[in-house]
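This report refers to the structure that appears directly beneath it.
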Amino acid sequence: MDYPDRVISGTCYVYLLAMGDRMPEDQQQLFETEEPAELSRRDKKRSNYLTPVNPAIILQVWEHYVATFWSGRGRRPQLTDERTKLITTAINQFGIEMVKKAITGCSLSAWHMGQNPTGTLYTSIELILRGAPQVERFYDLTVVEEDAKDF
């Protein structure tokens, strides 16, 4: 595959790796050696997302999210750089299984699936992975569901 005169972002690089394609050497070198700009205060607090995570794992979590919440109608949710960083941070903090179970846990919550006074769906990946309390709460919903199946 040819990539003339354009720089490939980190998100595209994730897709390329997952699809078995390779980035051109000159762009790969830019991607690997690029130093991050001055970090904001928020990013300094959340510097865990700078720890490398296999792009295939990030894509696996994203595909789990899409399979869980996308109805097939409308635009398919896109894996942006912001979402990639959010998923990376969550994987570094909680591990892949807990992140995937948190996504599943959100789908088990009637309130988040629209059974609320306004009928609004609260299923964004940003909401699910917002912070430790949110991830743990959604994860606990899957644990309760698994325990209920055991009886």
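Looking at V99 and Y139, their side chains never come closer than 4.5 Å, going by heavy atoms from C-beta outward. In this structure the side chain of F69 reaches within 4.5 angstrom of the side chain of M113, judged on heavy atoms. Annotation: side chain of T68 is not in contact with side chain of T123 (no heavy-atom distance under 4.5 Å). Under the 4.5 Å side-chain criterion, counting only non-hydrogen atoms from C-beta, I87 is in contact with W62. Looking at K100 and V61, their side chains come closer than 4.5 Å, going by heavy atoms from C-beta outward.
The CD atom of E63 lies 8.5 Å from the CG atom of L79; values are rounded to the nearest 0.5 Å. Atom-to-atom distance recorded for L129:CG and T88:OG1 is 10.5 Å, nearest 0.5 angstrom. Taken from OH in Y65 to OG in S107, the straight-line distance is 11.0 Å, to the nearest 0.5 Å. If you take CG on L141 and SG on C106, they are separated by 8.5 Å, rounding to the nearest 0.5 Å. With rounding to the nearest 0.5 Å, the separation of CD in Q115 from CG in L121 is 10.5 Å. In this structure, NZ in K101 is found 11.5 Å from CG in L108, a value given to the nearest 0.5 Å.
Using modelled atom types, no side-chain atom of N54 and backbone atom of I58 make a donor-acceptor pair closer than 3.5 Å.
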_Test side-chain hydrogen bond (donor to acceptor under 3.5 Å, both in side chains) on H64 and T104; report intermediate values, then the result._
CA-CA 9 Å; H64 176 70; T104 302; 2.9 Å; yes

*asked:* I'd like to know whether H112 forms a side chain to side chain contact (heavy atoms under 4.5 Å, CB included) with L127, so could you lay out the CA-CA distance, the side-chain angles of the two residues, the decisive distance to 0.1 Å, and finally the verdict.
replied: CA-CA 10 Å; H112 291 88; L127 173 84; 3.8 Å; yes

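In this structure W70 satisfies the side-chain contact (heavy atoms from CB on, under 4.5 Å) test together with V66, R76, P77, sequence neighbours excluded. Every side chain to side chain donor-acceptor pair (under 3.5 Å) that E126 has, sequence neighbours left out, goes to R83.
Ring geometry for Y122 versus W111: interplanar angle under 30°, hence parallel rather than tilted (30 to 60°).
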